[in-house]
Amino acid sequence: MKPAPFAYYRPTSLADTLAILERYGDDGRILAGGQSLVPALNMRLATPAALIDINRVPGLDGISLEPERLVIGALARHEAVEYSSLVARHAPLIVQAMPHVGHRAIRTRGTVGGSVALADPAAELPACLLALDGVIRMAGRAGDREVPAVDFFRGVYTTALGQGEIVTAVVVPPIRLGWRSRFVELARRHGDFALVGLAAHCRVEGDLIREARLAFCGVGSTPVRALRAELALAGRRPAVDVVAEAGRALDADLDPPGDTHGSPAFRRRLARVLLGQAVAALTSEASQL
Ligand SMILES: Cc1cc2nc3c(=O)[nH]c(=O)nc-3n(C[C@H](O)[C@H](O)[C@H](O)COP(=O)(O)OP(=O)(O)OC[C@H]3O[C@@H](n4cnc5c(N)ncnc54)[C@H](O)[C@@H]3O)c2cc1C
C-alpha cells in the first residue's frame, strides 16, 4: 500500500515547527527517524494531513552534560546514543539498552524523541528513563516544560504530550558513586521488540544491594516499576532465597498481557529469570570494574 496524500513541511527552526503543528492540530504529525511512522503511513494506520519533518531543526540532536543532568536531544539517533562516551559514563544503563533497539540500520535513523513520543510499552528507552528517574523535556507555543518519566507514559502509545507540543530532549541524573546498572531482555529474534525487558539500577555496597530501582518493559501498557521486588532486595545480600523472594514479589508488581508471543504466565516467569540475571550481573566482580 501507499500512504494517503499528505502535505510535507521541513521547518528549519523550532518556532516554525510549533507554528505548523498549531495550524494542523491533531492532523499534523512530527516526522523524526520515520522508523515507526513511515510503516504506519504505508499501511494507512496513520493518515495525517501534514508531516512536519524536524530533521533540519538545529539544536535537537545534541548530547550534553549540564550541571547534575545528562541531556540527550530528541533528534539524537539510537546509534549516536549507543556510542556516546558521555552517555556511557553518565547513564550506562541507556548504552546497554540501545543494542536491543531493532537492528543497526534502524538505530541509525530512529531517534530518542521518537521512541518516547511513540511510547511503545515494549520499548527499552522508556523503561530506562523510569529506572533512572529521568524526565522528558517538551516545547510548545505556551513554553517549555518537563514531565518526569513516571508521569509521561500514560498508556499504550499514549503520553503526556499535549496538542501542539514536541519532545525536545530526555534528561537523566548522572549515575552516582556506588550505583550500577544492567539492562537485560528477551526477544524472539534479535531486533524484535522485547517480550520482557528489565532496566535495573541499583546502589551496591560490597555484596549488599542497598537500593534497587527496577523498571520492566513488555509487561503492561506502560513501563512498570517493580516496587515490591525493589523492597525485597533493598538492604540485603542477594542470596538465592532473597532473589527468589524478590521474584515472588514481582507477581504482585506486574500484570503482564498475553498475546500470540507469550501468555501472562510466561511473561511473569521471564520477568523472574531476567531479575535473577540482572542481580547476578550487578553483584558480580566484573560489574565493579
Ligand atoms: C523492524 C523494527 C524493529 C524495531 N524494534 C524496536 C525495539 O526493539 N525497541 C524500540 O524501542 N523500538 C524499536 N523500533 C522502533 C524504532 O526504534 C523507532 O526509532 C522508534 O520507535 C521511533 O523513533 P523514530 O525517530 O523513528 O520516530 P518516527 O517514526 O519518526 O515517529 C514515531 C512517532 O513519534 C512522533 N514523534 C517523533 N519524534 C517526536 C518528537 N520529537 N516530538 C513529538 N513527537 C514525535 C511521530 O509523530 C510519530 O507519531 C523498531 C522499528 C522497526 C522498524
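Because the structure is a prediction, the values reported are computed rather than measured. Just follow the structure's listing: the first ligand is 1, and inside any ligand the first atom is 1.
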Ligand 1 atoms nearer than 4.0 angstrom to some heavy atom of Glu124 are 7 (C), 8 (O), 9 (N), 10 (C), 11 (O)
Pairwise side-chain contact, Thr222 with Pro121, heavy-atom cut-off 4.5 Å (strictly under) = no
Write out the residue and atom name of the closest protein heavy atom to atom 15 (C) of ligand 1, then the distance separating them to 0.1 Å.
-> Ser36 OG, 3.5 Å
Sequence neighbours excluded, every pair satisfying salt bridge (Lys or Arg N to Asp or Glu O under 4.0 Å) that has a member inside residues 18-34 | Glu22-Arg141
If only atom types and distance count, is the side chain of Asp259 paired as donor or acceptor with the main-chain N or O of Gly262 below 3.5 Å?
-> yes
Restricting to heavy atoms, the pick from Ile106, Leu118, Val38 nearest atom 51 (C) of ligand 1 would be Ile106
A student checking ligand 1 against Gly110 at a 4.0 Å heavy-atom cut-off should list atoms 19 (O), 25 (O), 26 (O)
Atom 13 (C) of ligand 1 sits nearest the protein heavy atom Phe193 CZ, 3.1 Å
So do the side chains of Val279 and Ile209 get within less than 4.5 Å of each other, counting heavy atoms only?
-> yes
Quick one: does Leu125 get a heavy atom under 4.0 Å from ligand 1?
-> no
Min N/O separation Arg109 to ligand 1 under 3.5 Å | no
Flag Gly34 as yes when one of its N or O atoms lies below 3.5 Å from any N or O atom of ligand 1, and as no otherwise.
-> yes
Pair Tyr157, Asp120: side-chain N/O donor-acceptor within cut-off below 3.5 Å = yes
On a heavy-atom basis, the closest approach of Phe216 and Ala271 is CE2-CB, 3.7 Å
Which of the atoms of ligand 1 are close to Leu161, meaning less than 4.0 Å from one of its heavy atoms?
-> 43 (C)
Do Glu165 and ligand 1 have an N or O pair less than 3.5 Å apart?
-> no
Asp61/Arg77 salt bridge by N-O under 4.0 Å criterion | no
Number the atoms of ligand 1 from 1 as they appear, then name those within less than 4.0 Å of a heavy atom of Ile54, with their elements.
-> 41 (N)
Does Asp192 reach the main-chain N or O of Gly102 with its side chain, forming a donor-acceptor pair under 3.5 Å?
-> no
For Arg29, is at least one N or O under 3.5 Å away from an N or O on ligand 1?
-> yes
So how far is it from Ser181 OG to Leu132 CG, rounded to the nearest 0.5 Å?
-> 6.0 Å
Could you give me the CA-CA distance, side-chain angles and deciding distance for Tyr24 and Tyr9, then say whether ring pair (Phe, Tyr, Trp, His ring centres under 6.0 Å) is met?
-> CA-CA 11 Å; Tyr24 279 93; Tyr9 295 89; 5.6 Å; yes
So is Asp192 close enough to ligand 1, meaning a heavy atom under 4.0 angstrom away?
-> yes
Report yes or no: does Arg180 contribute a side-chain atom to a donor-acceptor pair with the main-chain N or O of Leu282 at less than 3.5 Å?
-> yes
What is the closest protein heavy atom to atom 42 (N) of ligand 1, and at what distance does it sit?
-> Val167 N, 2.9 Å
Should Gly33 be counted as touching ligand 1, given the test is an N or O pair under 3.5 Å?
-> yes
Please identify which atoms of ligand 1 are closer than 4.0 Å to at least one heavy atom of Ser115.
-> 22 (C), 23 (O)
Exercise: identify the closest heavy-atom pair between Val135 and Pro148 = CG1-CA, 3.8 Å
Numbered in order shown, the ligand 1 atoms found under 4.0 Å of a heavy atom of Ala123 are 11 (O)
His78 touching ligand 1 at heavy-atom level, < 4.0 angstrom | yes
Please determine if Glu211 and Arg213 form a salt bridge, counting it only when a charged side-chain N lies under 4.0 Å from a carboxylate O.
-> no
Gly191, Gly28, Ala74: member with heavy atom nearest to atom 3 (C) of ligand 1 | Gly191
Return yes or no for this condition: an N or O of Leu37 is under 3.5 Å from an N or O of ligand 1.
-> yes
Short N or O distance, Ala194 and ligand 1, threshold 3.5 Å exclusive | no
Could you list which atoms of ligand 1 come closer than 4.0 Å to a heavy atom of Thr111?
-> 19 (O), 23 (O), 24 (P), 25 (O)
Do NZ/NE/NH1/NH2 and the carboxylate oxygens of Arg237 and Asp207 come within less than 4.0 Å?
-> yes
Which ligand 1 atoms does His100 reach within 4.0 Å, using its non-hydrogen atoms?
-> 8 (O)
Ligand 1 contacted by Val101 (non-hydrogen, < 4.0 Å) = yes
May I ask you to identify, for Ile30, whether its side chain, its backbone, both or neither come under 4.0 Å of ligand 1 on a heavy-atom basis?
-> both
Salt bridge (charged side-chain N to carboxylate O under 4.0 Å, His left out) between Asp16 and Arg56, worked out | CA-CA 11 Å; Asp16 285 352; Arg56 292 205 180 168; over 6 Å; no
For ligand 1, is Thr168 a contact, meaning one of its heavy atoms is under 4.0 Å away?
-> no
May I ask you to identify the nearest protein heavy atom to atom 44 (N) of ligand 1, giving residue, atom name and distance to one decimal place in Å?
-> Ala117 CB, 3.3 Å
